[in-house]
Amino acid sequence: MTAKKGKPAKTRVRELREAINEHNYRYYVLDDPRISDAEYDRLFRELQELESQHPELVTGDSPTQRVGAKPAEGFAEVRHEIPMLSLDNAFDEVEMRAFDRRVCERLERDSVEYMAETKMDGLAISILYEDGSLVRAATRGDGSTGEDVTHNVRTIKPIPLTLHGKNWPGILEVRGEVFMSMQGFLAMNERQQAEGGKRFANPRNAAAGSLRQLDPAVTRERPLQFYAYGVGRLDGGPALATQEGVLKHLRDWGIPVSREGRVVSGIEGCLDYYQKLSDRRAELAYQIDGIVFKVNRLDWQEELGTVSRAPRWAIAYKFPPEEEPTRVLDIEVQVGRTGALTPVARLEAVSVGGVTVTNATLHNEEEVQRKDVRVGDTVIVRRAGDVIPEVVRVLKDKRPKRTRRFNMPRTCPVCGSAAVKEEDEAVVRCTGGIYCPAQCIQSILHFASRRALDIEGLGEKLVEQLYEKGYVRNLADLYDLDAEQLAGLERMAEKSAANVIAALEKSKATRMDRFLYGLGIREVGEATATALAVHFGSLDRIRKASQEELMEVPDIGPVVAGHVHAFFQEPHNNQIIARLIKAGLHWDEFTVSGERPLQGQTFVLTGTLDSMTRDEAKEHLTVLGAKVSGSVSKKTDYVVAGADPGSKLAKARELGVEVLDEAAFLRLIKRQ
DNA sequence: GATCCTCGAGTTCT
DNA sequence: CTCGAGGATC
């Protein structure tokens, strides 16, 4: 089937492209195809054939040209000229009503119209069209900078390479979510498994993984879908007045938009819609994690503006955390750094709210008894605070016969020493001390951890091996390691061994408070270590301090002072410290240097900042003399809220504590 | 002695 | 993030 007689190839090529694009539009956007798949394939093949006969007619936006070359050097960075905002969350009706009240008050209205849209559980991207052609696509990244994934996004069939219809803006940045339908995900996993490939835990990970493929040919085979939820840059085109209008226009221009969107009236409309969708959630072809409500009128959105990185005119009303039943395969007992025995439930793998859960802590003996969790039980698991798995309750009617109550062992499962419960304490502890391999290994890991000496590459598996071999039995042994010993271990080639040696070398230049914290003295965490360093100025003075002198440090009472004093009375500990210093560990005298303009002020950080990590922010504040605390109280002076803030923001509002967004925070630390 | 505020410690998964 | 417990305060 070559060019139809008489017609120039050029004309036929144009006709075919138009027909194919029209079909794609009807299929993906309107969900109302007018031709059969076979007919579509026929058109597509004809176009391919014509193009191969007339290569000069091939253009980048032809529907046959979805798969291009691999990018040479991974993913390039893309800056979003208009940042991709994140959304504030509401988790219950109360928070939802509070949002509506704030909106109404600011707009001085009794009731506002909202556009309600499903929140797809996928990956946010931005797609740029210039003169109607797709020219660039990028992931959201941190909101201001993402990765260039143009080569992969071009292979996603629902996303048009050229816009449909007319009147589209000369520059149009479409924003939306790439996701995978449940059915597509299951089929893909089955295929992957048959081919011995890796399975994905959930549709969201599968979508994200597929988009981050270097080879676009792989991405093309993944059943990715796309729904737009808004626009970024816009130049020309029709005047837009409402979010509803934005979505309608996007659809006219050939961009797929979810059909679940509705305009609802006021808070009651929102709650009603939420309830209806909640009931239908399981029937939907794809996973959603909540409903997004946006003030419909765009001029009102502008009036409301944006705080930090989240708009004041929109909110994501999340569905309650998923709860899933699963079976308890075993209850194991872990030994922590301080010897604390912690029971952990090993569970039959179950997907809860998007991740596979296999373990859940049971905290302590009392907790196991209270919930009466037994091996063989069917339990309900959920992710507390959306992160850490938690056993909610036991389904007693599903309990098999002849199960036994869980009892805490009276000896340490690792070293066999007696395990005892101190008076008035909830935890049972192994009395083996440094002779218990588990405690010893955990202490070494603590010393190497990020907030202590920050020795990169010294992870659990490695330390376990080093202990087994007898190379490292205490902190000082670490610095006697050589590359040869390391290279002889599993999963340790020359290169990684050299990296570990380099990391050890680098860690020798440290800070007194980090070192003190790294020693793992009972009850001495970061804050206490810093307080000690500031008060005494040198390690020697701490070592020589009496219990009474230690108690002069703010926030240190008799118990902590006792632990510190006892630690430095122990000759073994002093020997280790001497060896560490001899190996080259060093730090500057701990002096309170320069101006401390924020002296006496307490800050709490929550959410993610754009310009720095939370640790860096903390560092900045500490240098300026401020105290950075972990929880909000009325003694807190400022709460710094980044994107996706946690419950601390709500607490701050409740207590009337001043909240700084990132910009205000940066101004504050720059000003000093 | 009661109460509030913090800190420490342990925890999961990618 | 959550729990438990130490420290400060009234």
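Just so it is clear: chains get the letters A, B, ... in the order the sequence lines come, proteins before strands, and each one is counted from 1.
A:Arg429 has its CZ atom 11 Å from the C1' atom of C:dA5, to the nearest Å. Nucleotide B:dC13 holds its C1' atom 10 Å from the CG atom of A:Asn359, rounded to whole Å. Protein atom CZ of A:Arg522 is 12 Å distant from nucleotide atom P of C:dG7, rounded to whole Å. Look at CD on A:Glu390: it is 12 Å from C1' on B:dT12, rounded to the nearest Å. Rounded to whole angstrom, the span from the CG atom of A:Leu341 across to the P atom of B:dT11 amounts to 10 Å. Rounded to whole angstrom, the span from the CZ atom of A:Arg451 across to the P atom of B:dA9 amounts to 13 Å. One can place CZ of A:Arg382 at 16 Å from C1' of B:dT12, the figure rounded to the nearest angstrom. Atom CD of A:Glu365 is separated from atom P of C:dC3 by 19 Å (rounded to the nearest Å).
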Listed pairs under 3.5 Å, donor-acceptor, residues 450-457 of chain A side chains, sequence neighbours left out:
{"from": "A:Arg450", "atom 1": "NH1", "to": "A:Asp615", "atom 2": "OD2", "distance (Å)": "2.7"}
{"from": "A:Arg451", "atom 1": "NH1", "to": "A:Glu526", "atom 2": "OE1", "distance (Å)": "2.7"}
{"from": "A:Arg451", "atom 1": "NH1", "to": "A:Glu526", "atom 2": "OE2", "distance (Å)": "3.1"}
{"from": "A:Arg451", "atom 1": "NH2", "to": "A:Asp615", "atom 2": "OD1", "distance (Å)": "2.7"}

Counting only pairs under 3.5 Å, give me each side-chain donor-acceptor contact of residues 326-335 of chain A, with atom names and distances, residues two or more places apart or in other chains.
{"from": "A:Thr326", "atom 1": "OG1", "to": "A:Glu348", "atom 2": "O", "distance (Å)": "2.7"}
{"from": "A:Arg327", "atom 1": "NE", "to": "A:Glu348", "atom 2": "OE1", "distance (Å)": "3.4"}
{"from": "A:Glu332", "atom 1": "OE1", "to": "A:Arg346", "atom 2": "NE", "distance (Å)": "3.0"}
{"from": "A:Glu332", "atom 1": "OE1", "to": "A:Arg346", "atom 2": "NH2", "distance (Å)": "2.9"}
{"from": "A:Glu332", "atom 1": "OE2", "to": "A:Arg346", "atom 2": "NE", "distance (Å)": "3.4"}

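Applying the 4.0 Å criterion to OP1 and OP2 of B:dC7, one finds that A:Ser629 has a side-chain N or O inside that range. In terms of phosphate contacts, A:Thr528 brings a side-chain nitrogen or oxygen within less than 4.0 Å of OP1 or OP2 of B:dG8. For the pair A:Thr338 and B:dG8, the criterion of a side-chain N or O lying under 4.0 Å from OP1 or OP2 is not met.
Under 4.0 Å is where a charged nitrogen must lie from a carboxylate oxygen, and between A:Glu177 and A:Lys119 no such pair does. The pair A:Glu549-A:Lys544 does not count as a salt bridge, with every side-chain nitrogen at least 4.0 angstrom from each carboxylate oxygen.
Donor-acceptor pairing under 3.5 Å is lacking for the side chains of A:Arg212 and A:Asn152. Checking A:Gln287 against A:Arg281 by side-chain atom types alone, no donor-acceptor pair falls below 3.5 Å. A:Thr338 and A:Arg429 are linked by a side-chain donor-acceptor pair at a separation below 3.5 angstrom, with hydrogens and angles left out of the test.
Looking at the side chain of A:Thr358, the nearest of the listed nucleotides B:dC13, B:dT11, B:dG10 is B:dC13. Closest to the side chain of A:Val560, out of B:dC13, B:dG8, C:dG7, is C:dG7. Nearest nucleotide to the side chain of A:Gln334, out of B:dC7, C:dG7, B:dT11: B:dT11.
If A:Ala360 and A:Arg337 are placed on DNA chain B by their nearest nucleotide, the residue sitting closer to the 5' end is A:Arg337.
A:Val427 comes within 4.0 angstrom of no nucleic acid atom, judged by non-hydrogen atoms across all strands.
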Enumerate all atom pairs, one protein N or O and one N or O from nucleotides 8-10 of chain C, separated by less than 3.5 Å.
{"from": "C:dA8", "atom 1": "OP1", "to": "A:Asp555", "atom 2": "N", "distance (Å)": "3.0"}

